[in-house]
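These figures come from a predicted structure and were not determined experimentally. When a residue number appears, it is its place in the shown sequence, counting from 1.
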Amino acid sequence: MERLREILMERGASLVGYADLHEVWADVRHHLPRGISIAVALDPRIIAGIDKGPTRAYLQEYERVNGLLNDLATFTADYLHNLGYRAKAFQSSVAYVDPLTCAAPFQHKTVATRAGLGWIGKGALLITRLYGSAVRLSSVVTDAPLTVGWPMNHSHCGPCDACVRACPGGAIKGINWRVGMFREDLYDAHACRETALDLAGRVGVQRTICGVCINVCPWTQRYLQRGVERGETAAPVTTNEAAR
């Protein structure tokens, strides 16, 4: 399936990983054993501008990347169907979020960590070595014979507390993630949502977006420094780091 990875990168993906999902509840993954995690990095110049909160430019970039990810997920499922495999695409934009848990039924971050693309940071976001947390995700589950990546089972954040100190809602508890933890152990999703709604509303954005913790993450800052210095948007990077 290396050709599929190459095609997705050519179409705009920044990272692509394959995951063994047997540890995920069967009904959540539609009884399909493997997953494809597709990541697209956000424009570093726009992420550099959300150090104090969301902007209209960030909303536009957020929606642009979501649209690209949805197209990539749909393409992937169709590609696998044409090869005779079962596949279901899960889009980046989520139509339903449980109001009690502030969570969606399917977690793209689970597929990404199982594929080895990154780990979960203290703010409950996926963190990648190349792009920090300045990525959006979509996923496809399938029965295609994929060569899966080494899963990430623990945090690489260490003692860093940049996101904890910067969070305008005080939602991040400062605990390092390990596989199997509940999201509530890491941060207060309701405090995050309420603060994000307030900050976005101040700039006329009717969405639940913030981005401060994305901006301040040292892994993101490394990406921003590379991108801003070059004046470039995110470009696909071919890597075999996640493959085994």
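Tested against Ser92 for a side chain to side chain donor-acceptor pair (under 3.5 Å), the candidates Asp71, Asn70, Asn66 yield a single pass: Asn66. Tested against Val205 for a side chain to side chain contact (heavy atoms under 4.5 Å, CB included), the candidates Leu197, Leu59, Thr55 yield a single pass: Leu59.
Across Asn176 and Met181, no two heavy atoms sit closer than the pair O-SD, 3.6 Å. Taking both residues in full, the closest heavy atoms of Leu125 and Cys213 are given as CD1-SG, 3.5 Å, listed atom of the first, atom of the second, then distance. Across all their heavy atoms, Val40 and Ala13 have their closest contact at CG2-CA, 4.1 Å. The minimum heavy-atom distance between Ile172 and Tyr187, with the atom names listed, is CA-CB, 3.9 Å. Of all heavy-atom pairs between Cys210 and Tyr58, the closest is O-CE2, 3.7 Å. Nearest heavy-atom pair across Ala87 and Val140 is CB-CG1, 4.1 Å.
In this structure, the side chains of Trp177 and Val179 come closer than 4.5 Å at one or more pairs of heavy atoms. Arg114 has its side chain within reach of Pro151: a pair of non-hydrogen atoms, C-beta onward, lies under 4.5 Å apart. Contact annotation: the side chain of Arg34 never approaches that of Val141 to less than 4.5 Å [non-hydrogen atoms, C-beta and beyond]. At least one side-chain heavy atom of Arg129 sits under 4.5 Å from a side-chain heavy atom of Trp119. Two residues are said to be in side-chain contact when any heavy atoms from C-beta on lie closer than 4.5 Å; Leu80 and Ile36 meet this criterion. At a threshold of 4.5 Å between non-hydrogen side-chain atoms, the residues Cys217 and Cys163 do not count as touching. Side-chain atoms of Asp51 and Val216, non-hydrogen and from C-beta on, never get closer than 4.5 Å to each other. Counting heavy atoms from C-beta on, the side chains of Val24 and Thr110 come closer than 4.5 Å.
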For side-chain contact (heavy atoms from CB on, under 4.5 Å), just list the numbers for Ile50 and Ile209, CA-CA rounded to whole Å, side-chain angles, deciding distance to a tenth of an Å, and then say yes or no.
CA-CA 11 Å; Ile50 58 172; Ile209 57 172; over 6 Å; no
Passes side-chain contact (heavy atoms from CB on, under 4.5 Å), Tyr223 versus Leu130? Steps please.
CA-CA 7 Å; Tyr223 163 53; Leu130 286 172; over 6 Å; no
Tyr131 vs Arg222, test: side-chain contact (heavy atoms from CB on, under 4.5 Å). Steps then yes/no.
CA-CA 8 Å; Tyr131 304 109; Arg222 295 174 190 175; over 6 Å; no
Please lay out, stage by stage, how Thr128 and Leu126 fare under the test side-chain contact (heavy atoms from CB on, under 4.5 Å).
CA-CA 7 Å; Thr128 67; Leu126 182 78; 3.9 Å; yes
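Lys109 places a side-chain N or O within 3.5 Å of a backbone atom of Ala124 that can act as its donor or acceptor partner. Checked by atom type and distance alone, the side chain of Glu61 never pairs as donor or acceptor with a backbone atom of Leu42 at under 3.5 Å. Judged by distance alone, the side chain of Ser37 and the main-chain N or O of Gly17 form no donor-acceptor pair under 3.5 Å. A donor-acceptor pair under 3.5 Å is absent between the side-chain atoms of Gln206 and the main chain of Gly201, judged by distance alone. Judged by distance alone, with hydrogens and angles left aside, the side-chain atoms of Lys122 form a donor-acceptor pair with the main-chain N or O of Gly158 at under 3.5 Å.
From Thr142, atom OG1 reaches atom CG of Leu21 across 10.0 Å, with rounding to the nearest 0.5 Å. The distance from atom SG of Cys157 to atom CD1 of Ile127, rounded to the nearest 0.5 Å, is 3.5 Å. The distance from the CZ atom of Arg183 to the CG atom of Leu186 is 9.5 Å, given to the nearest 0.5 Å. To the nearest 0.5 Å, atoms CG (Asp185) and NZ (Lys173) are separated by 6.5 Å. One distance of note links CD1 of Ile7 with OG1 of Thr76; it measures 9.0 Å at 0.5 Å rounding. Between atom CZ of residue Arg3 and atom CG of residue Leu8 there is a gap of 10.0 Å, rounded to the nearest 0.5 Å.
With a 6.0 Å radius and a threshold of 12 heavy atoms from other residues, nucleotides or ligands, Glu6 has its CD atom above the threshold.
Taking the centre of each ring, His81 and Tyr79 stay at or above the 6.0 Å mark. Annotation: His30 is in aromatic contact with Phe90 [ring centroid separation under 6.0 Å].
Residue Leu69 is grouped with residue Met9 when hydrophobic side chains (ILVMFWY) are merged at heavy-atom distances under 4.5 angstrom, including chains of intermediate members. The hydrophobic cluster containing Leu146 also contains Val16, counting ILVMFWY residues as joined when their side-chain heavy atoms lie under 4.5 angstrom apart, directly or transitively. In terms of hydrophobic clustering, with Ile, Leu, Val, Met, Phe, Trp and Tyr side chains grouped at heavy-atom distances under 4.5 Å, Val203 and Ile46 are assigned to a common cluster.
Ring geometry for His154 versus His156: interplanar angle of 30 to 60°, hence tilted.
Geometrically, Arg5 engages Tyr18 in a cation-pi contact defined by less than 6.0 Å to the ring centre and at most 45° from the axis. The side-chain tip of Arg136 points at the ring of Tyr62 from less than 6.0 angstrom away and within 45° of straight on.
If you check the side chains of His190 and Asp188, you find no donor sitting under 3.5 Å from an acceptor.
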